[in-house]
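The structure appears below as structure tokens.
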2 protein chains.
Amino acid sequence: MKEGPDIAQIGALIGDPARANMLAALTGGRALTATELAGVGGITVQTASTHLAKLEVGGLLTQRKQGRHRYFTLADEAVARLIESMMGFAAGRGHLRHRPGPKEPALRKARICYDHLAGDYGVRMLDSLIASGSIEAVGEGLALTEKGESDLKCIGIDVGDLGSSRRPLCRSCLDWSERRAHLAGSLGKALLLSFLDKGWARRTAESRSILFSPEGDRQFLRLFPIDA
Amino acid sequence: MKEGPDIAQIGALIGDPARANMLAALTGGRALTATELAGVGGITVQTASTHLAKLEVGGLLTQRKQGRHRYFTLADEAVARLIESMMGFAAGRGHLRHRPGPKEPALRKARICYDHLAGDYGVRMLDSLIASGSIEAVGEGLALTEKGESDLKCIGIDVGDLGSSRRPLCRSCLDWSERRAHLAGSLGKALLLSFLDKGWARRTAESRSILFSPEGDRQFLRLFPIDA
DNA sequence: TTCATAGTTCGATCGTAACCGAAGCATCGC
DNA sequence: GCGATGCTTCGGTTACGATCGAACTATGAA
């Protein structure tokens with residue numbers, strides 16, 4: 001007994017409904033204020049404040065003061081991965097809050113997963129990149145090919161700029177709604193940013209869903225075809 | 001708010017220290033009785049019984065009656081992966097129950113992670129397989145090479161027998177003690193089984209550690225050299 | 001049959017943590 | 001300076017769940 005690290009602490013941190021809701025909301029990657037988080041948690045600001053303090057000392061959150069606001073974000077990408085993996089697990093068990101039907105169509109179509117694109121469009125993008133030979137899937141891992149590197153340069157992404165950090169270029173991330181892999185890592189982030197830059201899509205204020213403009217939709221589907 | 005699957009339920013299930021200890025013990029892959037689990041949880045049988053019932057309806061455990069015993073196991077491999085990933089996360093945050101020193105040397109040297117080898121020896125094995133060109137690491141994924149397939153046949157493992165199931169052949173699993181990857185998947189399982197078959201190592205009754213015999217130790221180190 | 005072991009269920013106790021109202025700081029706009 | 005807004009801290013209430021003793025069921029052994 002008492003072998004290894006203490007799972008119970010973080011389990012308990014995530015185990016409270018209000019905290020879980022706040023964490024899930026922060027998976028959107030956007031920094032949120034304490035009042036906003038109180039809203040998604042369905043509790044008053046006082047209670048939210050104590051929750052947030054606990055999450056912070058637990059190492060799941062970081063806060064940043066700015067004026068009279070305090071912006072909270074997930075501490076790092078590892079937290080985001082943990083939350084998403086728990087969501088995937090819970091979805092697989094049928095631990096759904098609502099019935100699994102297409103309750104939030106926009107959320108299933110395209111949403112943000114920490115900093116990259118998830119949902120139907122995220123899965124489609126990775127599928128297409130693999131089909132075109134830009135990305136190679138080996139086991140559970142992903143690797144960018146030379147063809148992929150030149151293809152990406154055509155749409156304005158210089159992979160050389162991304163490789164510097166310790167963060168892996170390509171990472172596969174499992175989607176709870178699709179139960180399929182989509183592209184994470186610094187490349188996944190860069191791609192989403194380029195879509196936003198080009199005005200193809202924009203983030204919504206309160207939800208994690210990503211809305212594509214009609215034109216952006218056309219461009220995206222053209223760029224990442226599915227040849228079924 | 002209230003988007004996606006319910007994380008809080010499983011978080012709360014893992015969030016109780018007694019339950020977390022039981023789950024961690026079951027990560028050893030071995031089926032344990034309610035009384036044994038009460039022991040590792042540090043609680044009485046009555047309390048353990050209610051905990052186990054909760055874990056079962058939560059979908060984390062399954063039980064199997066055999067005589068007057070009830071053997072509990074993790075519901076499936078996904079649960080094991082979730083627990084190990086949480087351990088890895090917790091270890092990275094310094095959420096350690098004891099100080100990180102070599103508290104359980106045997107456990108750090110070689111232990112079982114659901115059904116494959118973890119710890120120092122697990123990491124060494126994968127490193128060696130990669131160095132010898134038997135396994136190729138691509139991004140975060142692992143793939144068996146042709147050389148690896150023939151090499152494995154020499155030690156009595158026919159990869160053809162393993163590929164049938166839906167479970168991936170090679171999977172990388174992050175180790176909480178070493179913080180490095182080791183080999184999971186059906187190949188990782190097959191390798192560990194062959195070690196046990198050959199009498200090189202044996203599982204211990206109460207702990208998750210794996211004990212190598214002096215001869216088995218020699219063979220293992222010869223088979224998986226590290227050329228630093 | 002009787003006894004022993006393994007496990008569950010019941011009932012009651014107890015602690016802890018979630019929760020909110022109210023008060024206290026801090027920052028912004030005026 | 002003043003009031004308004006955002007957030008934290010304090011105090012007290014409340015509710016839930018972990019815990020165990022005791023009683024009950026089931027299997028096995030003698």
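In what follows, chains carry the letters A, B, and so on, assigned in the order in which the sequence lines appear, proteins first and then strands, with residues in each chain numbered from 1. This structure is a prediction, so every number in the text was calculated from the model and none was measured.
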State, with a plain yes or no, whether a side-chain heavy atom of B:M22 is found less than 4.5 Å away from one of B:L32. no

Specify the separation, in whole Å, of atom CZ of A:R70 and atom C1' of D:dT5. 14 Å

Across all chains, not counting sequence neighbours, the side-chain contact (heavy atoms from CB on, under 4.5 Å) partners of B:Q219 are B:W200, B:E215, B:R222

Could you pull out all residues at least two apart from A:Y121 that satisfy ring pair (Phe, Tyr, Trp, His ring centres under 6.0 Å)? A:F212, A:F220

In this structure, how many angstroms lie between the C1' atom of D:dT8 and the CD atom of A:Q63, rounded? 10 Å

Could you check how far CZ of A:F72 sits from C1' of D:dG6, rounded to whole Å? 11 Å

Qualifying residues under ring pair (Phe, Tyr, Trp, His ring centres under 6.0 Å), relative to B:H51, sequence neighbours excluded: none

Test of understanding: with salt bridge (Lys or Arg N to Asp or Glu O under 4.0 Å), list the residues that count as partners of B:D16, not counting sequence neighbours. none

To the nearest Å, how far apart are B:L55 CG and C:dT8 C1'? 16 Å

Whole angstrom value for the distance that separates C1' of D:dA26 from NE2 of B:H69: 13 Å

List every contact pair, protein side and nucleotides 15-18 of chain D side both N or O, where the distance is under 3.5 Å.
from   : atom 1 : to    : atom 2 : distance (Å)
D:dA18 : OP1    : B:R19 : NH2    : 3.1
D:dA18 : OP2    : B:K54 : NZ     : 2.5

Under the side chain to side chain donor-acceptor pair (under 3.5 Å) test, residues paired with B:T47 that sit two or more places apart: B:T44

d(CD, B:E56; C1', C:dT9) in whole Å: 16 Å

Every protein N/O within reach of nucleotides 21-30 of chain C N/O, cut-off under 3.5 Å:
from   : atom 1 : to    : atom 2 : distance (Å)
C:dG21 : N7     : A:Q46 : NE2    : 2.7

Non-neighbouring partners of B:A12 that pass side-chain contact (heavy atoms from CB on, under 4.5 Å), sequence neighbours left out: none

Residues that B:T33 engages under side-chain contact (heavy atoms from CB on, under 4.5 Å), provided they are two or more places apart: B:T35, B:E36, B:H69, B:Y71

Would you mind reading off the distance between A:L37 atom CG and C:dC19 atom P, rounded to a whole angstrom? 14 Å

